[in-house]
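In what follows, a single structure is set out as structure tokens and then discussed.
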Amino acid sequence: GAWIFADCNLPSATLHELVRLARRDAAMLAIDAVSTRKATRLPRDLSGIGLLFLNLDEARALLDEPSASPEDLAAALLDRGADRAVLTLGEGGLIAMDRSGVTRVEAMPVQVVDATGAGDALIAGTLVAMLNGRSLAQAARMGTVAAASTLGCRDSVCPDLTLAGLEAAAAPRISPRPGEEPS
């Protein structure tokens, strides 16, 4: 099926229209919240959003839940209609949640050279993995590898990121679900 990626730099009316189109056409709509202020541009009803990327502060702003736990926030995003959510927690890693449950992914230890582009790398690594048939849990682990690689790289777009490289680096961290073959 079709995939659409957008971020909350877009005007609220545009985001609402993208969500409406995704609902109508059953497209996979992935959205990056970008900031606490911009996250609130999203509609209250998140159905139509296939995958929402946001950090703890952005989730709290969007849901107007200033003290909720990360797990409760992730569940609330799905309750509001999002199919999947990746909630980043900085050095605390991330939570990836879909209808099959919650996966906690620890941040990879890395010597930070430059933080520029790490969030974008996480999103790109996660999306490319999902486009290649990985589960959300597996894809989020691969996204974490992409983010760590970018943190340790002088360039904001790390030149040696490849799908094969992400798969190899994430392999020890990917445990199969029951009934799945090991990757």
Side-chain angles (χ1 to χ4, degrees), residues 1-10 15 18-19 21-22 25-34 38-39 42 46 48-55 58-59 74 77-78 82-90 92-110 112-177 180-183:
W3 278 63
I4 301 166
F5 174 76
D7 69 31
C8 291
N9 285 312
L10 294 168
L15 289 165
L18 282 172
V19 169
L21 291 171
D25 298 337
M28 172 60 139
L29 175 61
I31 295 183
D32 176 15
V34 177
K38 293 176 181 178
L42 290 168
L46 301 174
I49 298 177
L51 179 51
L52 182 57
F53 292 92
L54 66 182
N55 68 29
E58 293 160 356
L77 292 166
L78 269 61
D83 290 331
R84 299 166 202 84
V86 171
L87 181 61
T88 60
L89 307 170
L94 62 80
I95 291 175
M97 187 173 209
D98 60 15
R99 306 291 169 203
S100 68
V102 180
T103 301
R104 187 89 186 226
V105 179
E106 296 302 318
M108 293 181 68
V110 64
V112 176
V113 174
D114 184 355
T116 308
D120 292 339
L122 178 117
I123 292 169
T126 302
L127 291 178
V128 77
M130 289 187 69
L131 279 165
N132 282 276
R134 295 295 191 162
S135 69
L136 176 63
Q138 293 168 331
R141 286 182 180 93
M142 290 169 66
T144 301
V145 171
S149 298
T150 301
L151 286 169
C153 184
R154 287 189 204 298
D155 302 311
S156 56
V157 178
C158 194
D160 53 357
L161 285 181
T162 64
L163 180 60
L166 291 179
E167 286 176 334
R173 306 173 53 133
I174 296 176
S175 53
R177 287 189 176 153
E180 281 185 5
E181 290 300 311
S183 50

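A pairwise comparison of heavy atoms in Ala121 and Ala146 identifies O-CB, 3.4 Å as the closest pair. When all heavy atoms of Gly92 and Glu106 are compared, the pair lying nearest together is O-OE1, 4.3 Å. Taking all atoms of both residues into account, the shortest heavy-atom contact from Ala33 to Glu58 is CB-OE1, 3.6 Å. Residues Ala107 and Thr144 share a closest heavy-atom pair of CA-CG2, 4.4 Å.
Residues Arg134 and Arg141 form no side-chain contact, since every pair of their non-hydrogen atoms from C-beta on lies 4.5 Å or further apart. Residues Leu77 and Leu54 form a side-chain contact, since some pair of their non-hydrogen atoms from C-beta on lies under 4.5 Å apart.
Rounded to the nearest 0.5 angstrom, Asp98 CG and Leu78 CG are separated by 7.5 Å. From Met130, atom CE reaches atom CD of Gln138 across 10.5 Å, with rounding to the nearest 0.5 Å. Atoms OG1 and CG, from Thr126 and Leu136 in turn, are 7.5 Å apart once rounded to the nearest 0.5 Å. With rounding to the nearest 0.5 Å, the separation of CG in Leu51 from CE in Met28 is 5.5 Å. From Phe53, atom CZ reaches atom CZ of Arg84 across 10.0 Å, with rounding to the nearest 0.5 Å.
Counting only distance, with no hydrogens or angles, the side chain of Arg104 and the backbone of Ile95 share no donor-acceptor pair below 3.5 Å.
Tested against Leu122, the residues Asp32, Val145, Thr88 include a single side chain to side chain contact (heavy atoms under 4.5 Å, CB included) partner, Thr88.
Taking Asp7 as the reference, Asn9 meet the side chain to side chain donor-acceptor pair (under 3.5 Å) condition, with sequence neighbours excluded. Looking at residues two or more places apart in sequence or on another chain, you find a side-chain contact (heavy atoms from CB on, under 4.5 Å) between Ile4 and Leu18, Ala27, Leu29. Partners of Asp83 according to the side-chain contact (heavy atoms from CB on, under 4.5 Å) rule, which considers only residues two or more places apart in sequence or in another chain, are Arg99. Residues meeting the side-chain contact (heavy atoms from CB on, under 4.5 Å) test with Leu42, sequence neighbours left out: Cys8, Leu15, Ile31, Leu46, Ile49, Leu52, Leu62.
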